[in-house]
Every structure is written in C-alpha cells, then in structure tokens.
**Q** 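Sending over a structure as structure tokens; questions will come in a sec.
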Amino acid sequence: MQLNLKAISRAGIAEAISKAEVYRYLNEPGEAESICRDILAVEPDNQAALRLLGLAITDQFDGGISDRYAEAENVFRSLKNEYERIYHFGILHERKAKAQLKAGRLPHTVLPIFEDAMRYFEEAERIRPPNNDDAILRWNRCVRLLQTRPGSEWRKDMDEFDASEGPPV
C-alpha cells in the first residue's frame with residue numbers, strides 16, 4: 001500500500017479550520033496540527049491555518065529539548081497582521097516559559113522568557129484593535145504567575161554562584 005498524503009478540497013477549508021479548532025479545544029494538538037498542514041498544502045498563506053498551526057505546536061510544549069520553538073516562531077512570523085504576529089510571539093514565549101517551569105527549570109532561568117513574553121504583550125497592546133484586550137489578559141496572567149512565587153525565586157544574585165561552578169579558564 002502506498003502511503004501518500006491526500007489533498008483536501010479548497011471548498012473544505014472552512015470546515016477543516018473548524019475541526020482544527022475543535023481538536024485544540026479537546027486537547028488534541030497533534031490532530032489540529034495535521035489538519036492545519038493539510039489546509040496549508042492547498043492554501044499556503046491561509047492565515048487562520050497558520051495561526052492555528054503555531055498554537056497547536058505550542059500546545060505540545062513540555063519544556064524538553066524536543067519542543068519546536070523555532071518552528072512555532074517561523075509559523076507566527078508568517079502572520080501578515082502586525083498585531084497578530086506580535087501577540088502570538090508573546091504567546092510563544094509565555095508557553096515556552098510555562099512549559100520550562102513545569103519541567104522543573106529554576107524560576108530565575110525562566111524569568112527572562114516571561115519578560116520577553118510580557119514585552120510582546122505590551123507591544124501588542126499598543127497596536128491592538130478596538131475592544132480587543134487579549135494582550136492585557138495575557139500580560140495579567142504572566143503577572144499572576146510571577147506572583148505565585150517569592151521574588152527571591154525569580155532573581156538569583158550573582159554572589160550566590162560559586163566561581164568553581166563556571167567553565168575552566
């Protein structure tokens with residue numbers, strides 16, 4: 001049996017996008033990713049499919065080395081709308097930081113990633129469409145996450161490092 005991918009019809013794209021959204025809601029990002037790739041094979045510039053593909057990839061982050069940060073970033077870079085692009089860069093960084101925390105990375109090593117996410121959300125907020133508070137909602141979530149731990153966990157002073165821990169000179 002030949003294992004070749006089959007192309008979907010252009011007429012089926014709207015329904016396929018709806019299905020990809022449903023699979024994301026069902027926490028089946030692999031299914032959503034596959035559908036988005038089918039859509040993009042027919043319509044490579046489909047903005048909804050690109051957005052959903054990037055989100056489906058970030059849904060799969062677990063803080064490990066197999067996380068596809070660069071791939072998600074490239075997908076979001078393809079978004080034509082400046083607000084959407086910047087906002088989704090923020091989501092990418094936020095999800096990366098949360099996945100790394102969950103995987104056991106020390107908070108002070110993850111803080112710069114949260115700070116990057118928050119910079120993107122601030123930038124998106126400045127150019128957001130009327131009545132769109134998504135960037136503010138994401139900013140607030142980052143703040144609340146940062147407030148769940150004492151400030152000392154997020155900041156590690158340089159004097160706490162032992163010089164013998166560094167690379168040989």
**Q** Is Arg95 salt-bridged to Asp59, going by a charged N under 4.0 Å from an acidic O?
**A** yes
**Q** Please say whether more than 12 non-hydrogen atoms of neighbouring residues, nucleotides or ligands are located less than 6.0 Å from CG in Leu5.
**A** no
**Q** Does the side chain of Arg51 reach to within under 4.5 Å of the side chain of Leu55, using non-hydrogen atoms?
**A** yes
**Q** Is it possible for you to say whether Ile113 and Leu101 belong to one hydrophobic cluster, with membership spreading through side-chain heavy-atom contacts below 4.5 Å?
**A** no
**Q** Find the distance between CZ (Arg37) and CG (Leu40) and round it off to the nearest 0.5 Å.
**A** 8.0 Å
**Q** Are Arg138 and Glu94 close enough, and set up right, to give a salt bridge (charged side-chain N to carboxylate O under 4.0 Å, His left out), and what steps lead you there?
**A** CA-CA 8 Å; Arg138 300 304 333 154; Glu94 178 189 3; 2.5 Å; yes
**Q** Compare every heavy atom of Ala99 with every heavy atom of Gly63, then report the nearest pair and how far apart it is.
**A** N-CB, 3.4 Å
**Q** Can you measure from CG (Asp38) to CD (Glu33) and round to the nearest 0.5 angstrom?
**A** 11.0 Å
**Q** Measure across Glu84 and His88 and return the closest heavy-atom pair with its distance rounded to 0.1 Å.
**A** O-ND1, 2.7 Å
**Q** Has the side chain of Gln47 got a donor or acceptor atom that lies under 3.5 Å from a matching backbone atom of Asp45?
**A** yes
**Q** Measure from the side-chain N and O atoms of Thr148 to the backbone N and O of Leu145, and report whether any donor-acceptor pair falls under 3.5 Å.
**A** yes
**Q** Any idea which heavy atoms bring Ile8 and Ala16 closest together, and the distance?
**A** CD1-CB, 4.2 Å
**Q** Quick one: do Val143 and Phe114 satisfy side chain to side chain contact (heavy atoms under 4.5 Å, CB included)? Show the steps, please.
**A** CA-CA 9 Å; Val143 169; Phe114 274 118; over 6 Å; no
**Q** Closest heavy-atom contact between Gly54 and Phe76?
**A** C-CZ, 3.4 Å
**Q** Do the non-hydrogen side-chain atoms of Leu146 and Met118 ever get within less than 4.5 Å of each other?
**A** yes
**Q** Identify the heavy atoms of Asp67 and Asp62 that sit nearest to each other, and give their distance.
**A** OD1-N, 2.9 Å
**Q** Charged N to carboxylate O under 4.0 angstrom, Glu123 versus Arg119?
**A** no
**Q** Between Arg128 and Asp133, does at least one N-O distance fall below 4.0 Å, as a salt bridge requires?
**A** yes
**Q** SG/Cys36 to CZ/Arg24 distance, rounded to the nearest 0.5 angstrom?
**A** 9.0 Å
**Q** Testing the basics here: between Lys96 and Tyr69, what is the closest heavy-atom pair and its distance to 0.1 Å?
**A** CG-CE2, 3.2 Å
**Q** Would you mind checking if Glu122 and Arg126 are paired as a salt bridge, meaning a charged N to carboxylate O distance below 4.0 Å?
**A** no
**Q** How long is the straight-line distance from CD of Glu43 back to CG of Leu50, given to the nearest 0.5 Å?
**A** 10.0 Å
**Q** Would you give the length of the straight line joining atom CD1 of Ile35 to atom CD of Glu15, rounded to the nearest 0.5 angstrom?
**A** 9.5 Å
**Q** Do the side chains of Ile57 and Pro29 get nearer than 4.5 Å, heavy atoms only?
**A** no
**Q** Assigning hydrophobic clusters by single linkage (Ile, Leu, Val, Met, Phe, Trp, Tyr; side-chain heavy-atom cutoff under 4.5 Å), is Ile13 placed with Leu79?
**A** no
**Q** With a 4.5 Å cut-off on side-chain heavy atoms, are Asn46 and Ile17 touching?
**A** yes
**Q** In terms of hydrophobic clusters joined by side-chain contacts under 4.5 Å, are Phe61 and Phe89 together?
**A** yes
**Q** Any donor and acceptor pair, going by atom type alone, linking the side chain of Arg10 with main-chain N or O of Val42 inside 3.5 Å?
**A** yes
**Q** Evaluate the side-chain proximity of Val22 to Lys19: yes if any heavy-atom separation is below 4.5 Å, no if none is.
**A** no
**Q** Would you call the rings of Phe121 and Tyr87 parallel, tilted or perpendicular, where under 30° means parallel and over 60° means perpendicular?
**A** tilted
**Q** What distance separates Leu92 CG from Glu71 CD, expressed to the nearest 0.5 Å?
**A** 11.5 Å
**Q** Check the surroundings of atom CG in Asn4: do more than 12 heavy atoms from other residues, nucleotides or ligands lie under 6.0 Å from it?
**A** yes
**Q** Contact between Tyr120 and His93 at the side-chain level, heavy atoms closer than 4.5 Å - yes or no?
**A** yes
